[in-house]
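Source: prediction; values computed, not measured. This chain uses plain numbering: 1 for the first residue, then up along the sequence.
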Amino acid sequence: MIDEQHLREGLQRLLRDTESAIRERISDDPSIEAHLRERHAAAVRAGRTAGSASGYNSFADEAITQSAVHWLLGTVFIRFLEDNGWLDERSKVVSWLAGPGERLGIAKGQRTLFLRPDPALTDRDYLLYIFGEVAKLPGMAGLFDPHHNPLFQLGPAAQGAAKIVEFFQKVDPDTGALVHDFTDPEHGTRFLGDLYQNLSESARKRYALCQTPGFVIDFILDRTLTPAIDTFGLDHVRMIDPSCGSGHFLLAAFSRLFRLWQQREPATNPPALAQKALDAVHGVDLNPFAAEISRFRLLIAAMEASGVVTLRDALDFRIHVAAGDSLLHGSRKGGGGIERGLFEDRLQFFYETEDEENGN
């Protein structure tokens, strides 16, 4: 089971190490810093960030933190999936990073097989390989999208990547059990919301991270989503959370909508109903790792609702969560286009983490 406090404290320390390892790699490769400076200059021209040397330093610090967080979130996602059997094949246990029982040995063997052929390969390459392989599975491509996920933009030095692997493979010397076990028969993902709020101190201050209590979510949905369904009908209702955070509103709305679809179409297969519910739920967040957590939580909720036991047997669910500034991007006219004028220059620039194709 997940020891949330122990995991959070360990990841907070590992985040600092990973940020340092990314800075080390930037200092070793001038082309990485050059790319960062180009992106900062473009953001300054568009009026989306501050200029000056101090402005660049803040921009770079934020990019480093976002990438470091995504390296850790990506490995947490993998561990949660493999520990709970979501990555298994029907007749084969699959493990890439670690896992209880035989999974740890399988994962260590996979790592050895990957690194052995080429001495130049490092744990950074191995982790990127894992992310790429998992991205091929149904529903996972959006989580490990190399065009938007910050982990593909800045990577740690080799030793920093090794520390990430070691963290997730660490065992208790007295018992031989994994220190961090993500097995959960209920497949609960609320712990990710706690990580979202507490993992990075700088992100918490920048984005004012704070989770909404469950009773507040129920209160609001009772007075918004429920009457909207009564007014417009289940087929036509849509909801959006323009600052979705770690997805509590999205998860609660999905659950309500899925139950209603089950009541209306009891003979329809659950994966199809889960997709109907997902198509009515939309979210946006300025913080890329908040959007990533929301996507993952909705995917797990949809798989649970579908009754599937492995990703390979799951529907390739469409999940409508985007990273971006909901106050800046999006439709401001009835025709569905983006209103030009005041925001015209800004709308020509998107951060690499933003889902500009979903801007409308």
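Between L221 and P227, the closest heavy-atom pair is O-CD, 4.4 Å. The heavy-atom pair separating S95 from I106 by the smallest distance is O-CG2, 3.8 Å. Closest heavy-atom contact between A291 and V321: O-CG1, 3.7 Å. Heavy-atom minimum distance, G247 versus S294: N-OG, 3.1 Å. The minimum heavy-atom distance between I240 and P242, with the atom names listed, is O-CD, 3.6 Å. Taking both residues in full, the closest heavy atoms of A98 and A107 are given as N-CB, 3.5 Å, listed atom of the first, atom of the second, then distance.
Note that CG of D241 is 11.5 Å distant from CG of L251, once rounded to the nearest 0.5 Å. Taking CG of L7 as the start and CD of Q12 as the end, the distance is 9.5 Å to the nearest 0.5 Å. The structure places CG of N84 at 4.0 Å from NE2 of H187, a figure rounded to the nearest 0.5 Å. Between the CD1 atom of I319 and the CD atom of Q275 there is a distance of 8.0 Å, given to the nearest 0.5 Å. Rounding to the nearest 0.5 angstrom, the gap separating the CZ atom in R124 from the CZ atom in R25 is 4.0 Å. Atom CG of L299 sits about 6.5 Å away from atom CG of L143, to the nearest 0.5 Å.
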Between L87 and L311, does a side-chain contact (heavy atoms from CB on, under 4.5 Å) hold up when you go through it step by step? CA-CA 6 Å; L87 299 184; L311 272 169; 3.7 Å; yes
Chi angles and distances behind the side-chain contact (heavy atoms from CB on, under 4.5 Å) call for D118, D125: CA-CA 11 Å; D118 185 352; D125 301 300; over 6 Å; no
Check against side-chain hydrogen bond (donor to acceptor under 3.5 Å, both in side chains), S20 and D17: CA-CA 5 Å; S20 297; D17 290 342; 5.6 Å; no
For F80 and I300: C-alpha separation, side-chain torsions, deciding distance, then whether side-chain contact (heavy atoms from CB on, under 4.5 Å) applies. CA-CA 10 Å; F80 184 86; I300 296 299; 4.1 Å; yes
Between I78 and E133, does the side-chain contact (heavy atoms from CB on, under 4.5 Å) criterion hold? Intermediate values first, please. CA-CA 11 Å; I78 299 296; E133 289 299 299; over 6 Å; no
Begin with the C-alpha distance, continue with both residues' side-chain angles, and end with the deciding distance and a verdict on side-chain hydrogen bond (donor to acceptor under 3.5 Å, both in side chains) for T310 and E89. CA-CA 7 Å; T310 70; E89 299 174 10; over 6 Å; no
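Linking ILVMFWY residues whenever their side-chain heavy atoms come closer than 4.5 Å, directly or via other members, leaves V179 and I2 in distinct clusters. Put simply, F168 and M1 are part of two different groups of oily side chains (I, L, V, M, F, W, Y) that touch within less than 4.5 Å, one to the next. There is no path of hydrophobic side-chain contacts, each under 4.5 Å, that joins F232 to L234. Following chains of ILVMFWY side-chain contacts shorter than 4.5 Å, one cannot reach V309 starting from V134, and the two form parts of different hydrophobic clusters. Note on I217: it does not cluster hydrophobically with V284, by side-chain heavy-atom contacts below 4.5 Å among ILVMFWY residues.
Salt bridge annotation for R37-E33: present, with a cationic side-chain nitrogen under 4.0 angstrom from a carboxylate oxygen. D184 has no carboxylate O lying under 4.0 Å from a charged side-chain N of R190, or vice versa, which leaves the two without a salt bridge. A salt bridge between D285 and R295 is absent, with no side-chain N of the basic residue lying under 4.0 Å from a carboxylate O of the acidic one.
In this structure, F167 and H180 have side chains that are in contact, with non-hydrogen atoms separated by less than 4.5 Å. With contacts defined as side-chain heavy-atom distances shorter than 4.5 Å, the pair W71/L154 does not qualify. Looking at heavy atoms from C-beta onward, F317 lies out of side-chain contact with L298 at the 4.5 angstrom threshold. When side chains are defined from C-beta on, I220 counts as touching F249, because their heavy atoms get closer than 4.5 Å. Residues L151 and E292 have side chains not in contact (no heavy-atom distance under 4.5 Å, counting atoms from C-beta outward). Using a 4.5 Å heavy-atom cutoff, the side chains of D83 and P100 are in contact. The side-chain heavy atoms of E265 and K276, taken from C-beta on, include a pair separated by under 4.5 Å. Between L11 and V76 there is a side-chain heavy-atom pair separated by less than 4.5 Å.
Shown are L97, D88, V94; of these, the side-chain contact (heavy atoms from CB on, under 4.5 Å) with R103 is made only by D88.
Sparse packing is recorded around CZ of R90, with 12 or fewer heavy atoms of other residues, nucleotides or ligands lying under 6.0 Å away.
Side-chain atoms of N269 come within 3.5 Å of backbone atoms of A272 as a donor-acceptor pair (strictly under, hydrogens ignored). Proximity of a side-chain donor or acceptor of E82 to a complementary backbone N or O of W96 within less than 3.5 Å is detected. A donor-acceptor pair is defined here as one N or O able to donate and one able to accept, closer than 3.5 Å; no such pair exists between the side chain of H40 and the backbone of L36. A donor-acceptor pair under 3.5 Å links the side-chain atoms of T175 to the main chain of A177, judged by distance alone. Of the possible donor and acceptor atoms, none in the side chain of S58 sits under 3.5 Å from a partner among the backbone N and O of G55. Of the possible donor and acceptor atoms, one in the side chain of D181 sits under 3.5 Å from a partner among the backbone N and O of T183.
Looking only at atom types and distance, the side chain of S255 has a donor-acceptor partner in the side chain of R259 under 3.5 Å away.
For the ring-ring contact (aromatic ring centres under 6.0 Å, His included) test, residues two or more places apart in sequence or in another chain that qualify with Y126 are F114.
Below 30°, between 30° and 60°, or above 60°: for F77 and F296 the angle between ring planes is below 30°, a parallel geometry.
Applying the side chain to side chain donor-acceptor pair (under 3.5 Å) definition to pairs two or more places apart or across chains, those involving residues 106-117 are R111-D123. Screening residues 314-323 for side chain to side chain donor-acceptor pair (under 3.5 Å), with sequence neighbours left out, gives D279-R318, D279-H320.
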